[in-house]
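Accompanying notes for the structure given below.
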Protein chains: 2
Amino acid sequence: MRDAFHEQLQSVFADLAGICRSVETAVHLATEALLTGDAEIAERVISADVDIDLAREHVEETAFSILSLQQPVAGDLRIVVSALRMVSELERMGDLSVHVAKIARLRVPHVAVPEEIRPTMARMGEVAEDMVSRVSRIIVGLDVEAAIELGRSDEIMDQLRRRSFTELLGDNWTHGVEAAVDLALLGRYYERIADHAVSVANRVVYVVTGDLPARV
Amino acid sequence: MRDAFHEQLQSVFADLAGICRSVETAVHLATEALLTGDAEIAERVISADVDIDLAREHVEETAFSILSLQQPVAGDLRIVVSALRMVSELERMGDLSVHVAKIARLRVPHVAVPEEIRPTMARMGEVAEDMVSRVSRIIVGLDVEAAIELGRSDEIMDQLRRRSFTELLGDNWTHGVEAAVDLALLGRYYERIADHAVSVANRVVYVVTGDLPARV
């Protein structure tokens, strides 16, 4: 009985890591579409999101089946419920990548991000992608150290967001209201991806240690 | 055994309705702070959020205790897991109200929303508050009809958000980049509150009927 439980749980965590890798691809391509104004790449992100949704449903069904058939209690129960929460957050990160891709598509044939802001926005995309990539390794390795470390990247994301606000609210801003609004929303989407990444990593800490890390 | 289950479940749903009413107050006060530039009201929203977080923890602990001690299966199991999801969404709606309050506070002694945009923004606040208020009644009455009806208010919210974009991206916009960025983010926050309200209502439909409604 317990062996079946751990086998099914392993398959759930393997699925979570797989979804996380799909999210990583979505973040990567959405940022590429955004910085190059490439409608075809933006479409790919938007249409691939359905696969993340399906993978989420699969994880949910497996988790329900574990809960029903294995009736885990105490720590084991909390691990399965944590997996359900992780998959919700990963799906949301996919949705946020779609939001980024949709802003890119809306501005085609132009590029939504004015040239001098591209370094900051590219950096936000890189940090987000790196965080998501680390989360999939954290899930696979149940790596508590790496999960705690992830909070520091989140600080970098917050700094980048503040920097982008300084740029677009500064006196030198010459790109008008539309570009400023796009950038404010893009900053919000990347920040949320990073927040969810930290939250998923924290759930791994919880799964391994039984405690959530203090908020960093 | 089953009686204890239904009693505990009822207490969870009563708690969910209570949290929903706290969120309703948060949305109401955040909108008031926003439209009047009242720092004291904004502070109240921000500091009251900890109570929503605590109430969320209480619901989670009760749900875990039900899962551990009653070991529900099939439909009963899905109801308890739905409650866990509803409480996450309600907590998030509280956070989004805090985001609105923080924009209000940031612009004191000014009012973040320029005068001619206030009607649209006031309407977004009203629609959000009304939706949250209906959700608490939907939870109390397990009212499937009212839950399905809620999707229509969400359409009104989407229209309001499009209207606010038309206003701030139009040629008549004279309030600069900062106000436009504030409004774009505020629109996003209210829209997310409405999305979560619909999602919580949909979970009530699921709890009652065993099926999620088709996306409206």
Side-chain angles (χ1 to χ4, degrees), chain A residues 53 57 60-61 63-85 87-89 92 95-96 99 103 106 161 164-189 191-192 195-196 199 212 215, chain B residues 53 57 60-61 63-85 87-89 92 95-96 99 103 106 161 164-189 191-192 195-196 199 212 215:
Chain A
D53 295 347
E57 280 173 30
E60 289 184 346
E61 288 314 310
F64 274 114
S65 145
I66 296 176
L67 288 173
S68 279
L69 301 176
Q70 308 289 346
Q71 307 238 322
V73 293
D76 287 349
L77 170 64
R78 285 172 190 261
I79 291 176
V80 180
V81 174
S82 292
L84 280 169
R85 289 174 167 173
V87 82
S88 292
E89 303 219 45
R92 190 77 208 119
D95 291 344
L96 289 160
H99 288 326
I103 289 187
L106 193 64
R161 192 162 181 229
S164 76
F165 270 111
T166 312
E167 287 169 328
L168 66 90
L169 297 177
D171 291 337
N172 300 328
W173 184 257
T174 55
H175 305 286
V177 168
E178 185 176 86
V181 164
D182 280 350
L183 293 178
L185 290 172
L186 288 165
R188 172 82 187 152
Y189 300 146
E191 184 197 34
R192 289 299 297 153
D195 288 345
H196 284 295
S199 175
L212 279 172
R215 276 179 186 261
Chain B
D53 295 347
E57 280 174 30
E60 288 184 346
E61 287 314 310
F64 274 115
S65 146
I66 296 175
L67 288 172
S68 279
L69 301 176
Q70 309 289 346
Q71 307 239 324
V73 294
D76 286 349
L77 170 64
R78 285 174 190 258
I79 291 175
V80 181
V81 174
S82 292
L84 281 169
R85 289 174 168 174
V87 82
S88 292
E89 304 218 46
R92 189 80 206 117
D95 292 343
L96 289 159
H99 288 327
I103 289 186
L106 192 64
R161 193 162 181 230
S164 76
F165 270 111
T166 312
E167 287 168 328
L168 67 90
L169 296 178
D171 291 337
N172 300 328
W173 185 256
T174 56
H175 305 284
V177 169
E178 185 176 85
V181 164
D182 280 351
L183 292 178
L185 291 172
L186 288 164
R188 172 82 187 151
Y189 299 146
E191 183 197 34
R192 290 298 297 154
D195 288 346
H196 283 295
S199 174
L212 279 174
R215 275 179 187 262

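Order of the sequence lines sets the chain letters (A, B, ...), proteins ahead of strands, with each chain counted from 1.
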Which answer fits A:H99, side chain, backbone, both or neither, if we ask what part of it has an atom under 4.5 Å from a heavy atom of chain B?
->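 It is the side chain, since no backbone atom gets that close.
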
Atom group of A:L183 that falls short of 4.5 Å from chain B, counting heavy atoms =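 Neither part.
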
Minimal non-hydrogen separation, B:V181 against A:A180, with atom names |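 Looking at all heavy atoms of both residues, the closest pair is CG2-O, 3.9 Å.
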
Is any side-chain heavy atom of A:E178 less than 4.5 Å from a side-chain heavy atom of B:W173?
->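 A side-chain contact is absent here, since even the closest heavy-atom pair is not under 4.5 Å.
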
Do A:V81 and B:L67 come within less than 4.5 Å of each other through their side chains, counting heavy atoms only?
->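 Yes, their side chains come closer than 4.5 Å.
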
Quick one: do B:E61 and A:R78 make a salt bridge, cutoff under 4.0 Å?
->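 Yes, charged N to carboxylate O under 4.0 Å.
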
Heavy-atom pairs under 4.5 Å with chain A are the metric here; pick the option from B:S68, B:G176, B:A74 that has the most.
->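 Maximum pair count with chain A is reached by B:S68.
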
Find the distance between CD (A:E60) and CZ (B:R85) and round it off to the nearest 0.5 Å.
->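 Answer for the CD-CZ pair, A:E60 versus B:R85, is 4.0 Å.
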
